[in-house]
Amino acid sequence: MTVSAKTHPPSETPTRLGEFLSQKGYISKRQVTWALEEQKKSGKRLGEILSSLKLISEDLVAQSLSSINKIPYATPHTMTIDPELFLLIPEWLARRHLAVPVGIEDKELQVAMADPLNYENLNDLRFYAGMAITPVIATRKNILETIEQSYHFDTSSVEKIVQDSAKDFESGTFQVIPDLAEANLLHTDKQALEEKSRLGPVVQLTNVIIGKAIKMRASDIHIEPGQKEFRVRYRIDGLLREEMRLPKWVQNPLVSRIKILATLDISERRLPQDGAVRVMAEGRAVDLRVSTLPATQGEKVVLRILDQSKVLIDIDQVGFQEKDAELIRKMIRKQKGMILVTGPTGSGKTTTLYALIQELKSVTNNLSTVEDPVEYTIDGINQIQINTEVGLTFSKTLRALLRQDPNIIFVGEIRDKETAEIAFRAAMTGHLVLSTVHTNDAPATITRLVDIGVPPYLISSCLIGVIAQRLVRKRCARCMELLNAGEINEEKHEMGCTLCNHTGFSGRIGVFEVMAITPKTRELISSGATDEEIRAASTSAGMTSMESDGLIKAKAGITTIEEVLRVVEKDDVFKSSCPKCHQAIRMDFLICPYCAEASPYVCASCGKLLQPDWSVCPYCRHDTALDHHMPKSSPC
């Protein structure tokens with residue numbers, strides 16, 4: 001709904017209301033003089049006095065002020081107004097300033113006001129709505145009637161959810177207080193609690209959802225619409241968990257509130273939108289990447305949480321084995337070449353690359369990054385944000401960057417042939433290039449690059465090494481203390497405490513395979529060898545597979561075997577661990593190639609794969625009960 005063309009109040013009133021009315025013949029000059037004398041006594045507005053004295057109608061006063069000040073006139077009580085707009089301005093504020101929202105135009109909230117020239121009121125409304133205000137004029141009577149008709153939502157259910165969810169934040173260590181002027185939603189100032197109590201329930205709910213997610217170490221917030229309600233889920237340590245279900249009527253106001261924070265168009269619901277907002281949580285900066293997507297039941301919203309404090313880590317904190325950390329340090333000390341980090345989305349590639357950047361950052365190096373988007377801001381390096389809307393693509397930025405005398409270049413992702421060729425040419429001409437590729441493991445990276453269109457000779461001559469990785473959940477340190485003290489029983493599935501949200505896991509750590517490119521590997525790449533041939537050569541040169549790295553961490557108590565098997569990609573023939581040396585082996589192996597222990601997963605007579613509950617091999621009739629090494633339960 002649009003009232004009229006957007007206008008803003010002038011810096012001063014060009015014509016007095018009394019003169020305008022007398023000139024138009026609505027009232028006499030004597031009546032104007034009488035009204036002005038009454039105004040001096042009461043201090044009320046002239047238009048209010050004229051209408052109270054029955055000299056002129058309230059509607060005519062408002063229409064006259066509209067003509068004088070070039071402000072549109074509206075009758076909000078007769079308009080069809082989107083109900084969610086009333087949640088942008090709380091009822092108490094609407095009554096205080098005699099103002100009601102009537103529509104949105106050009107990302108500005110149109111508000112019908114009895115006194116549209118009161119700049120203090122306008123600033124107050126702009127603060128609470130979180131967006132620019134375009135005033136229109138309406139009568140006091142019509143505004144009050146609109147307030148009575150429109151502010152009738154049953155907010156009790158939302159208020160109860162806010163109160164229950166906010167209990168964790170009211171301990172004094174974490175407060176959720178809005179401050180839209182500074183984009184500072186999360187604050188610890190106790191004095192601001194009074195302001196919190198004055199906010200509408202949807203505004204409070206938005207702050208609680210974001211604040212609780214940050215406190216629970218969530219990486220993403222999913223707001224998902226349903227037919228009769230919608231739910232909020234957090235992704236914590238890689239797994240989604242449902243946090244709350246909310247009534248359907250809250251859905252659009254909540255989505256609009258998030259859009260306002262991310263400076264998105266709240267009137268556009270048919271197309272996807274992307275935005276961002278930075279908030280402060282307990283004194284630290286947290287970036288929120290907001291993505292909206294139209295769905296059949298409404299807009300789905302995902303907020304990616306990027307905690308700036310988590311990026312300041314070094315190679316030793318990522319989770320590499322000592323030998324792999326040393327190998328990586330040797331690789332990044334080279335003056336030219338390319339190092340790739342591979343893995344699916346959400347596997348921690350960016351964190352690993354930023355750890356390498358922390359190691360490489362120096363006053364003697366010109367280090368530049370090309371990212372989409374720039375997830376973390378690091379002092380001392382040049383970070384460039386890709387903007388495809390204006391033609392600033394990876395390839396175009398890389399070409400320009402090569403003229404900036406760089407020593408080290410970080411390319412967010414190699415997605416196409418053009419970007420790959422420029423990156424490899426840069427690596428060939430004396431630059432150290434760091435980048436990412438989406439592949440399942442380190443050897444498969446070679447095949448992926450060839451598929452993109454990079455010649456094998458260019459790969460073999462420029463590639464220094466590949467780091468493939470996944471993230472596994474770490475066992476909760478507090479739970480381990482309770483387990484060692486005998487206060488909980490792992491066999492009875494009692495793992496879990498308040499610190500880990502009763503999951504038994506807290507935080508994540510990487511499992512890696514670091515493939516250094518040796519002369520033998522270069523020869524295989526140039527000759528078009530398969531992934532298995534490259535893996536065999538790298539393994540013989542000392543590469544530890546992701547499965548083996550994960551099993552080492554499980555043996556050390558950092559994670560569990562089940563967690564490793566859940567996260568690490570599996571081959572067609574499932575890989576498990578040797579019961580003696582705990583190395584990763586294929587389930588169809590007859591013996592472990594590392595310690596020569598007989599495999600517990602195959603028949604000792606014919607070598608066929610067995611099920612754990614079989615007592616006789618169905619292929620050769622061998623009595624499997626005679627095989628003492630048969631496991632009690634299947635590893636898969």
Side-chain angles (χ1 to χ4, degrees), residues 1-18 20-21 24 26-27 44-52 55-153 200 252-253 256 260 265-268:
M1 189 281 308
T2 301
V3 175
S4 65
K6 180 176 65 178
T7 59
H8 294 277
S11 58
E12 60 182 16
T13 303
T15 308
R16 291 181 181 274
L17 176 62
F20 179 85
L21 293 172
K24 292 291 185 180
Y26 296 134
I27 57 176
K44 295 181 179 179
R45 292 178 300 162
L46 180 61
E48 188 177 348
I49 294 172
L50 289 171
S51 59
S52 65
L55 297 176
I56 192 173
S57 69
E58 191 177 356
D59 285 330
L60 189 54
V61 170
Q63 292 173 17
S64 300
L65 288 173
S66 173
S67 300
I68 293 170
N69 296 293
K70 304 296 187 294
I71 298 176
Y73 171 74
T75 54
H77 66 301
T78 64
M79 296 177 177
T80 302
I81 305 173
D82 192 339
E84 68 180 78
L85 294 180
F86 294 104
L87 290 147
L88 297 176
I89 297 176
E91 182 178 357
W92 66 266
L93 187 65
R95 291 186 181 276
R96 172 187 289 182
H97 296 325
L98 290 175
V100 290
V102 294
I104 292 177
E105 182 183 5
D106 297 334
K107 300 183 181 182
E108 295 192 6
L109 183 65
Q110 292 180 324
V111 179
M113 303 177 66
D115 186 6
L117 297 181
N118 190 318
Y119 297 111
E120 291 184 2
N121 291 355
L122 284 170
N123 288 332
D124 212 9
L125 293 167
R126 181 167 55 248
F127 173 81
Y128 279 96
M131 58 192 305
I133 300 295
T134 298
V136 298
I137 194 166
T139 66
R140 176 190 179 91
K141 177 182 176 182
N142 290 345
I143 290 173
L144 289 173
E145 185 177 343
T146 305
I147 291 173
E148 295 297 333
Q149 293 174 352
S150 304
Y151 285 94
H152 56 76
F153 296 106
N252 286 341
S256 295
I260 288 170
D265 185 356
I266 68 173
S267 63
E268 178 57 73

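On a predicted model such as this, the values are computed, not experimentally measured, just so you know.
- The backbone N or O of Ile71 sits less than 3.5 Å from a side-chain atom of Ser66, completing a donor-acceptor pair.
- Taken from CD1 in Ile104 to CD1 in Ile260, the straight-line distance is 7.0 Å, to the nearest 0.5 Å.
- Taking Glu58 as the reference, nothing meets the side-chain hydrogen bond (donor to acceptor under 3.5 Å, both in side chains) condition, with sequence neighbours excluded.
- Smallest separation of non-hydrogen atoms from Val102 and Ala112: CG1-CB, 3.9 Å.
- When side chains are defined from C-beta on, Asn69 does not count as touching Pro116, because their heavy atoms never get closer than 4.5 Å.
- Nearest heavy-atom pair across Arg95 and Glu148 is NH2-OE2, 2.6 Å.
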Show your reasoning for whether salt bridge (Lys or Arg N to Asp or Glu O under 4.0 Å) applies to Lys141 and Glu145. CA-CA 6 Å; Lys141 177 182 176 182; Glu145 185 177 343; 5.9 Å; no
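- Checked by atom type and distance alone, the side chain of Thr134 never pairs as donor or acceptor with a backbone atom of Gln110 at under 3.5 Å.
- Rounded to the nearest 0.5 Å, atoms CD1 (Ile68) and CG (Leu117) are 10.0 Å apart.
- Residues Val100 and Ile81 fail the side-chain proximity criterion, which asks for heavy atoms closer than 4.5 Å.
- Taking Thr75 as the reference, Thr78 meet the side-chain hydrogen bond (donor to acceptor under 3.5 Å, both in side chains) condition, with sequence neighbours excluded.
- Annotation: side-chain contact (heavy atoms from CB on, under 4.5 Å) contacts of Gln63 (sequence neighbours excluded): Asp59, Leu60, Tyr73.
- Residues satisfying the side-chain hydrogen bond (donor to acceptor under 3.5 Å, both in side chains) test with Asp115, not counting sequence neighbours, are none.
- Nearest heavy-atom pair across Pro135 and Leu122 is CB-CD2, 4.0 Å.
- The two residues Asp124 and Arg96 have their closest heavy-atom pair at OD2-NH1, 4.3 Å.
- Arg140 CZ to Leu98 CG: the interatomic distance, rounded to the nearest 0.5 Å, is 5.0 Å.
- Checked against side-chain hydrogen bond (donor to acceptor under 3.5 Å, both in side chains), Ser256 has the following partners two or more places apart in sequence or in another chain: Glu84.
- With sequence neighbours excluded, the residues satisfying side-chain contact (heavy atoms from CB on, under 4.5 Å) with Ala99 are His97, Val111, Met113, Leu125.
- Considering all non-hydrogen atoms of both residues, Ile89 and Pro101 come closest at CD1-CD, 4.0 Å.
- Atom-to-atom distance recorded for Asn142:CG and Ile147:CD1 is 11.5 Å, nearest 0.5 angstrom.
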